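All remarks here apply to the structure that follows.
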Amino acid sequence: MPSAPDAGGSPQHPDEVPSPTAAPELSQEGVDGHVEAALAAIGGAGDLDELKEARLAHAGDRSPLALANRAIGALPGPEKAAAGKLVGQARGRVNQALARRQQELEAERDERILVEEAMDLTVAPGRRPLGRRHVLTVTAERMADAMVALGWEVAEGPQVEAEWFNFDALNFDKDHPARQMQDTFFVDPAKAGLVLRTHTSPVQARSLLDRGVPLYVAVPGKTFRTDELDATHTPVFHQLEGLAIDEGLTMAHLKGTLDRLAEAMFGPGTVSRLRPAYFPFTEPSAEMDFRCFVCRGEATAPPCRTCGGTGWIEWGGCGMVNHNVLRACGVDPERYQGFAFGMGVERTAMFRHGIADMRELIEGDVRFNAQFGMEI
Ligand code: DAH
């Protein structure tokens with residue numbers, strides 16, 4: 001950077017004719033020299049940073065032209081105009097050159113950014129496959145949700161259960177066949193009296209003892225039986241239990257509740273039907289079916305493949321809660337009555353989704369799960 005000229009200048013003879021050249025830094029040559037130096041620096045700036053430096057050196061407050069401009073003030077009056085014009089024009093040229101170069105360099109930069117930061121919008125992004133919830137989880141939740149929509153609560157119980165809850169409280173005789181080894185997983189040591197629960201019904205007794213009456217609970221959960229795995233059996237499966245205890249409940253309430261649940265799972269108009277059966281914990285007891293949602297009971301040829309032409313699909317068991325169960329849980333059967341039901345979640349999911357083989361539900365093949373999408 002050229003050093004700042006001495007603003008005081010050399011002493012002038014008072015008789016000399018005033019002229020812009022009177023002070024050396026304000027001479028035509030001197031000013032031209034500053035302009036040339038400035039234009040060279042501006043033209044030589046290769047990027048915006050370098051141009052910034054050139055601006056500071058040649059157009060900044062301490063640049064030779066700025067100092068020359070300041071020196072004008074010290075000139076005798078008549079010389080001021082010519083010197084002002086000379087320096088003003090010089091600064092104008094420099095500023096114009098700066099502006100022009102600024103534009104050029106900005107345009108260059110913008111173009112470079114377009115190239116350097118270009119994105120290929122056609123490149124396939126690294127896709128992460130979406131996780132999926134298992135169809136059994138979703139089905140069990142939907143069943144419980146349908147009950148919650150009727151105003152029921154959801155209850156849960158332990159999978160390792162006391163024999164007393166699994167059998168005794170539910171009025172199973174000591175020698176009931178379901179207690180035998182072929183059905184029940186007993187937990188060591190035998191004297192601890194623990195089993196893997198064979199159904200969700202023990203949560204009936206647990207809920208009655210915990211929550212008291214009136215009571216409306218739905219119990220989705222995992223259950224265990226010593227079955228071989230095949231297309232229609234699995235040793236680990238799921239049930240949804242329902243229990244309602246209140247004053248004045250009848251089988252009509254049971255039937256209406258099952259109809260609502262059947263509709264929620266298989267579509268509007270799907271009704272249930274009850275057939276006489278036996279369970280130790282209900283009296284009377286019934287097996288329940290739901291209307292085949294494919295043929296709706298209309299005879300077809302060939303016979304409907306979903307229900308085998310019967311028009312009904314077996315769903316589970318139900319009945320009016322046996323007074324012995326109420327008494328075992330400290331509830332007065334003279335005042336409170338109730339109904340209960342239990343059905344398989346696997347079976348419900350299989351019919352809802354047309355799954356032919358139960359093994360598909362537990363093998364964990366992602367291609368199977370992927371079919372059901374991401375249902376929350
Ligand atoms: N617990 C029975 C089973 O696993 C199903 C069942 C039948 C549940 C009748 C009930 C009921 O609540 O009332 O086979």
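These numbers were taken from a predicted model, which means no experiment stands behind them.
No more than 12 heavy-atom neighbours from other residues, nucleotides or ligands sit within 6.0 angstrom of CD on Glu156. Within 6.0 Å of CG in Asp61 there are 12 or fewer heavy atoms belonging to other residues, nucleotides or ligands. Heavy atoms of other residues, nucleotides or ligands lying less than 6.0 angstrom from CD of Glu111 number 12 at most. Atom CZ of Arg275 has more than 12 heavy atoms from other residues, nucleotides or ligands within 6.0 Å. When the shell of 6.0 Å around CZ of Arg109 is examined, it contains more than 12 heavy atoms from other residues, nucleotides or ligands.
Relative to the six-membered ring of Phe266, Arg291 misses at least one condition, a distance below 6.0 Å or an angle of at most 45° to the axis.
Taking every heavy atom of both residues into account, Pro64 and Ala57 meet most closely at CD-O, 3.6 Å. The minimum heavy-atom distance between Arg206 and Pro158, with the atom names listed, is NE-CD, 3.4 Å. Taking all atoms of both residues into account, the shortest heavy-atom contact from Trp312 to Ser272 is CZ3-C, 4.0 Å. Taking all atoms of both residues into account, the shortest heavy-atom contact from Pro268 to Arg296 is O-NH2, 3.5 Å. When all heavy atoms are compared, the tightest approach of Leu249 to Gly338 is CD1-CA, 4.1 Å. Taking each heavy atom of Ala118 and Leu114 in turn, the nearest pair found is CB-O, 3.3 Å.
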| query | Where do Glu106 and Leu48 land on the side-chain contact (heavy atoms from CB on, under 4.5 Å) test, with the steps shown first? | reply | CA-CA 7 Å; Glu106 277 178 4; Leu48 288 165; 4.0 Å; yes
| request: In sequence, state the C-alpha distance, the side-chain angles, and the governing distance for Phe279 and His199, and then conclude on ring-ring contact (aromatic ring centres under 6.0 Å, His included). | output: CA-CA 12 Å; Phe279 296 101; His199 50 180; 9.2 Å; no
| Checking side-chain contact (heavy atoms from CB on, under 4.5 Å) for the pair Val321/Leu243: CA distance, chi angles, key distance, verdict? | CA-CA 8 Å; Val321 176; Leu243 174 70; 3.5 Å; yes
| Run the salt bridge (Lys or Arg N to Asp or Glu O under 4.0 Å) check on Asp227 and Arg225 step by step: do they pass? | CA-CA 6 Å; Asp227 284 326; Arg225 279 184 208 174; 5.7 Å; no
| task | Run the numbers on Val187 and Leu196 for side-chain contact (heavy atoms from CB on, under 4.5 Å), then give the verdict. | result | CA-CA 7 Å; Val187 177; Leu196 296 187; 4.2 Å; yes
| request: Quick one: do Phe237 and Leu361 satisfy side-chain contact (heavy atoms from CB on, under 4.5 Å)? Show the steps, please. | output: CA-CA 10 Å; Phe237 58 106; Leu361 291 168; over 6 Å; no
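Considering only heavy atoms from C-beta on, Leu254 comes within 4.5 Å of Met251 through its side chain. The shortest distance between side-chain heavy atoms of Arg91 and Val94 does not fall below 4.5 Å. A heavy-atom distance below 4.5 Å is found between the side chains of Met265 and Thr139. You'll find the side chain of Asn369 reaches within 4.5 Å of the side chain of His134, heavy atoms only. Inter-residue side-chain proximity for Cys318 and Leu274 is flagged as met; some heavy-atom pair is nearer than 4.5 Å. Side-chain contact between Asp183 and Thr198: absent, with no pair of heavy atoms (C-beta onward) separated by less than 4.5 Å. You'll find the side chain of Asp289 reaches within 4.5 Å of the side chain of Glu314, heavy atoms only. Side-chain contact between Arg327 and Pro333 is present, with heavy atoms from C-beta onward closer than 4.5 Å.
Not less than 6.0 angstrom separates the ring centroid of Tyr216 from the ring centroid of His253.
Paired with Thr200 under the rule side chain to side chain donor-acceptor pair (under 3.5 Å), one option of Lys222, Glu161, Gln239, Gln159 passes, and it is Gln239.
Between the CG atom in Leu208 and the OH atom in Tyr336 there is a gap of 11.5 Å [rounded to 0.5 Å]. In this structure, His323 NE2 and Glu283 CD are separated by 9.5 Å, a value rounded to the nearest 0.5 Å. Taking CG of Asp145 as the reference point, atom CG of Leu150 lies at 11.0 Å (rounded to 0.5 Å). Rounding to the nearest 0.5 Å gives a distance of 9.0 Å between CG of Leu65 and CG of Asn95. In this structure, NZ on Lys174 lies 3.5 Å from CG on Asp168, to the nearest 0.5 angstrom. Of the inter-residue distances, the one linking His353 atom NE2 with Thr348 atom OG1 reads 10.0 Å to the nearest 0.5 angstrom.
We find that Glu163 and Arg179 are joined by a salt bridge, their nearest charged nitrogen and carboxylate oxygen being less than 4.0 Å apart. We find that Arg112 and Glu116 are joined by a salt bridge, their nearest charged nitrogen and carboxylate oxygen being less than 4.0 Å apart.
Hydrophobic clustering keeps Val271 apart from Met288 (ILVMFWY residues linked when any side-chain heavy atoms are closer than 4.5 Å, directly or through intermediates).
Taking the six-membered ring for Trp and thresholds of 30 and 60 degrees, Phe172 and His176 have ring planes more than 60 degrees apart, a perpendicular arrangement. Aromatic ring pairs are classed by plane angle as parallel below 30°, tilted from 30° to 60° and perpendicular above 60°; the pair Phe339 and Phe341 is parallel.
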